[in-house]
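Written out below as structure tokens is the structure these notes cover.
Numbers here are sequence positions counted from 1. A quick note: this is a predicted structure, and the numbers were derived from the prediction, not measured. Keep in mind that the numbers below use all heavy atoms, side chains included, and drop hydrogens, waters and symmetry copies.
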Amino acid sequence: SVAVLAIASIFYVYKTNILTQNQKTAIKKEEVITTAEEIASENIETSATNSMINSFQPEELDVVFGNESAPITIIEYASFGCSHCADFAKSVFPDVEDKLIKTSKANFVLRSFPLDAPSLMASVLVNCVPKSDYYKFAKTLFQTNQKWAYTKKYKEELLNIFRASGYDAQKFDECTNDKKLEESILKVRLNGSKKYKIASTPSFIINSKNYGSIKGIEGFENIIKSEL
């Protein structure tokens, strides 16, 4: 009977050890499953984040206005002598800046698409000033385009505006005689025509889609919301 009890005790201990090992194995499996789920969850979150990375590909002469890490880039193709472009700059862009750019929902790139000789010269001047003054001077040209865009004396008028903005006549001559810069601007225009089928100004590109002319801040907000 002692031998029987001894055997029974050994069996009990052996069985208990097996259960303990099985429990440990189960716990390890549970840990592995939990870890795998966490990794999968992290991957899903990473994918979602990556899908919101801005697909904007900068081109020659681009100057980004706003947070360069913003998820969306609004590209405007504009002609500085265009009255509709001037209207956008005066009436809509301030809201775009306040509600979309300053909040880092989007950033903004203005690309020249000159439709005539005065607008081409204006584009040359904008791209000739320091990049830190790019949007400030662009704003000035849109605000004053009634003075220079529709007169044969546009060069004289642009010189006056250029000088009033803090630049001298020598700088003006250097800029307007820069044929390489002029060619680069015309290349941007040609690329816009080929890549996005730009045919009028202003035209807006968001996530590689040509939305043409967008009406008011509400139009931009709706598009940005749908793209995000």
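- In this structure a side-chain-to-backbone donor-acceptor pair under 3.5 Å is present from Ser184 to Lys180.
- Looking at every heavy atom in both residues, Thr103 comes nearest to Asp98 through CG2-O, 3.8 Å.
- Of the possible polar contacts, one joining the Asn177 side chain to the Asp173 backbone as a donor-acceptor pair under 3.5 Å is found.
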_Checking Ile217 against Leu100 for the side chain to side chain contact (heavy atoms under 4.5 Å, CB included) test, could you report, in this order, the C-alpha distance in whole Å, the side-chain angles of both residues, the deciding distance, and whether it holds?_
CA-CA 9 Å; Ile217 183 60; Leu100 298 176; 4.2 Å; yes

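- Comment: Asp168 does not engage Arg163 in a salt bridge, judged by the lack of any side-chain N to carboxylate O separation of less than 4.0 angstrom.
- Under 4.0 Å is where a charged nitrogen must lie from a carboxylate oxygen, and between Lys209 and Glu227 at least one such pair does.
- Interatomic distance, Leu190 CG to Ile198 CD1, rounded to the nearest 0.5 Å: 12.0 Å.
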*Residue pair Asp95, Lys99: steps toward the salt bridge (Lys or Arg N to Asp or Glu O under 4.0 Å) verdict*: CA-CA 6 Å; Asp95 289 331; Lys99 296 184 179 182; 5.3 Å; no

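- For an aromatic pair to be called close, the ring centres must be under 6.0 Å apart, and Phe204 with Phe88 satisfies this.
- Looking at heavy atoms from C-beta onward, Leu228 lies in side-chain contact with Pro71 at the 4.5 angstrom threshold.
- Annotation: Lys187, atom NZ; neighbour count of heavy atoms from other residues, nucleotides and ligands within 6.0 Å does not exceed 12.
- Residues satisfying the disulfide bond (SG atoms under 2.5 Å apart) criterion with Cys82, sequence neighbours excluded, are absent altogether.
- Considering every non-hydrogen atom in both Leu115 and Ser79, the closest pair reads N-OG, 3.2 Å.
- Using a 4.5 Å cut-off on side-chain heavy atoms (C-beta onward), Val92 and Asp87 make no contact.
- Considering only heavy atoms from C-beta on, Glu59 comes within 4.5 Å of Lys195 through its side chain.
- With Thr140 contributing its side chain and Lys136 its backbone, the two residues share a donor-acceptor pair below 3.5 Å.
- A heavy-atom distance below 4.5 Å is found between the side chains of Ile223 and Tyr211.
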*Show the numbers, then the answer: is there a side chain to side chain contact (heavy atoms under 4.5 Å, CB included) between Asn127 and Ser112?*
CA-CA 9 Å; Asn127 285 280; Ser112 292; 3.8 Å; yes

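- Between Phe172 and Tyr167, the ring centre distance reaches or exceeds 6.0 Å.
- Atom CE of Met121 sits about 5.0 Å away from atom NZ of Lys155, to the nearest 0.5 Å.
- In the hydrophobic clustering of this structure, Tyr150 does not group with Ile161; members are Ile, Leu, Val, Met, Phe, Trp, Tyr whose side-chain heavy atoms approach within less than 4.5 Å, directly or through other members.
- Between the Arg189 side chain and the Pro114 main chain, a donor and an acceptor come within less than 3.5 Å of each other.
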*For Val64 and Phe56, what are the C-alpha separation, side-chain angles and deciding distance, and is it a side chain to side chain contact (heavy atoms under 4.5 Å, CB included)?*
CA-CA 11 Å; Val64 177; Phe56 167 68; 4.1 Å; yes

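- Counting heavy atoms from C-beta on, the side chains of Phe80 and Thr144 never come closer than 4.5 Å.
- Here CZ of Phe162 is found 8.5 Å from OG1 of Thr176. Values are rounded to the nearest 0.5 Å.
- A donor-acceptor pair is defined here as one N or O able to donate and one able to accept, closer than 3.5 Å; such a pair exists between the side chain of Asn222 and the backbone of Glu218.
- Side-chain atoms of Tyr196 and Ser203, non-hydrogen and from C-beta on, never get closer than 4.5 Å to each other.
- In terms of heavy atoms, Asn67 sits closest to Ser104 at ND2-OG, 3.2 Å.
- Here the closest heavy-atom approach between residue Leu141 and residue Trp148 is recorded as O-NE1, 3.3 Å.
- Each of Leu110, Val109, Thr201 was compared with Glu76 under the side-chain contact (heavy atoms from CB on, under 4.5 Å) criterion, and only Leu110 meets it.
- One distance of note links CZ of Phe137 with OG of Ser165; it measures 4.5 Å at 0.5 Å rounding.
- For the atom pair Phe220 CZ and Ile214 CD1, the distance stands at 4.0 Å (nearest 0.5 Å).
- Contact detail for Leu125 and Cys175: the closest heavy-atom pair is CD2-CB, 3.9 Å.
- Considering SG of Cys128 and CG of Asp133, their distance stands at 11.5 Å, rounded to 0.5 Å.
- No side-chain donor-acceptor contact under 3.5 Å links Asn107 to the backbone of Phe65.
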*Kindly determine whether Ile75 and Phe108 satisfy side chain to side chain contact (heavy atoms under 4.5 Å, CB included), including the steps that lead there.*
CA-CA 6 Å; Ile75 303 172; Phe108 185 85; over 6 Å; no

